Amino acid sequence: MHSLPSKSFLGTDYLQFGTAKQQELFRDLEEWKILKCLHGFKPTLAGTIPLNIDTDSSDVDILVKFNIPAHLQKICYAKFRNLPNYSFSEKTIALRVTLVCRFETKKFQYEIFGQAIEPTEQYGWIHMIVENRFLTLADPTFREEIRNLKKQGIKTEPAFCKVLDLKGDPYKILLQWNQKTDEQFRELLFQKGYQINPN
């Protein structure tokens, strides 16, 4: 399966025509009306399932934007508190107030990640777009290596940096790669011995 251009990740249409796991996620989101419940907060999927690099233990990341933290807390409590392993917490990440809501359905573990900025400006989205560019440009062995590292328990951003031999803080490095050209992506992949997709 080819990776998608970044704009295709907005919405959930692509899930209906994706992998078996992606189709299952689409049905679960519909059944529990999860995105509909979060309608006012611009819910946007991110993470490994959209990229088809998930493992059995991967959760579903939903990025949202709030204006007033208490509003998001109220909606999450009203809509999801009766689902298994519900929790809600507030933390500070990169100097931003961040709200995290977790719960489970029978099929998936969900994490709603809220900040006072657009989902497409949040680090989780930018990381996913950079990862998608590498996956799109590299041959399928690259995806398999990432997936193998993840099965060993390595998180996604560190897995990419390990495979690409990029040194430093993996989360900051992937943000920096968002500024680079496709040519720079191809060059790095070629240096690491990957075939480049001719698309």
Side-chain angles (χ1 to χ4, degrees), residues 2-12 14 38 41-55 57-67 69 72 89-102 110-139 142-150 152-194 196-197 199:
H2 281 303
S3 294
L4 296 158
S6 60
K7 63 179 181 295
S8 303
F9 288 114
L10 294 168
T12 56
Y14 69 94
L38 296 166
F41 301 95
K42 301 187 176 180
T44 305
L45 289 178
T48 57
I49 296 175
L51 292 176
N52 185 25
I53 52 170
D54 50 285
T55 64
S57 61
S58 295
D59 59 8
V60 180
D61 297 325
I62 302 174
L63 308 178
V64 296
K65 177 194 178 185
F66 59 76
N67 294 319
L72 179 61
S89 59
E90 181 178 321
K91 51 184 83 171
T92 303
I93 296 176
L95 306 179
R96 293 187 189 282
V97 172
T98 302
L99 303 179
V100 179
C101 176
R102 292 192 176 93
Y110 287 90
E111 179 179 290
I112 297 166
F113 185 95
Q115 293 185 323
I117 56 172
E118 295 293 324
T120 52
E121 292 169 18
Q122 293 180 25
Y123 291 170
W125 174 266
I126 296 169
H127 289 160
M128 179 176 75
I129 297 310
V130 168
E131 290 155 7
N132 182 59
R133 287 173 71 189
F134 279 118
L135 291 163
T136 304
L137 292 167
D139 67 72
F142 180 79
R143 184 185 301 273
E144 286 315 306
E145 287 186 40
I146 297 291
R147 204 182 263 126
N148 288 338
L149 286 178
K150 287 184 61 56
Q152 294 167 36
I154 295 175
K155 289 192 176 294
T156 309
E157 289 83 354
F160 271 81
C161 289
K162 189 172 171 68
V163 169
L164 294 164
D165 199 26
L166 295 168
K167 304 282 189 258
D169 179 335
Y171 299 91
K172 288 180 181 166
I173 287 166
L174 289 189
L175 290 179
Q176 291 160 4
W177 272 85
N178 195 41
Q179 310 301 321
K180 296 187 188 284
T181 63
D182 279 358
E183 198 44 55
Q184 288 171 299
F185 276 71
R186 287 190 192 96
E187 207 173 288
L188 178 61
L189 288 163
F190 184 73
Q191 280 172 12
K192 300 303 167 196
Y194 294 101
I196 307 299
N197 276 326
N199 49 6

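Side-chain atoms are counted along with the backbone in the values below, which use heavy atoms only and exclude waters and symmetry mates. All values reported here derive from a predicted model rather than from experimental measurement.
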Can you list everything that forms a side chain to side chain contact (heavy atoms under 4.5 Å, CB included) with [X]? Sequence neighbours excluded, please.
X      : answer
Ser89  : Lys91, Val100
Thr92  : none
Arg96  : Thr98, Gln115, Ile117
Gln179 : none

**Q.** Partner set under ring-ring contact (aromatic ring centres under 6.0 Å, His included) for Phe142, not counting sequence neighbours
**A.** Phe160, Tyr194
**Q.** ring-ring contact (aromatic ring centres under 6.0 Å, His included) partners for Phe134, two or more places apart
**A.** Trp177, Phe185
Q: Quick one: which residue pairs count as a salt bridge (charged side-chain N to carboxylate O under 4.0 Å, His left out) with a foot in residues 110-122, not counting sequence neighbours?
A: Lys42-Glu118, Lys65-Glu118, Arg102-Glu111
**Q.** Of all pairs that satisfy salt bridge (charged side-chain N to carboxylate O under 4.0 Å, His left out), the ones with a partner from residues 128-138, not counting sequence neighbours
**A.** Arg133-Asp182
Please list, chain by chain and in numerical order, all residues satisfying side-chain hydrogen bond (donor to acceptor under 3.5 Å, both in side chains) with [X], sequence neighbours excluded.
X      : value
Asp139 : Thr141
Thr12  : none
Gln176 : none

(Q) According to side-chain hydrogen bond (donor to acceptor under 3.5 Å, both in side chains), does anything in residues 153-166 pair up with another residue at least two apart or in another chain? List the pairs. (A) His127-Glu157, Lys150-Thr156, Asp165-Lys167
Q | Spatial distance of atom CG (Asp59) from atom OH (Tyr110) [nearest 0.5 Å] | A | 10.5 Å
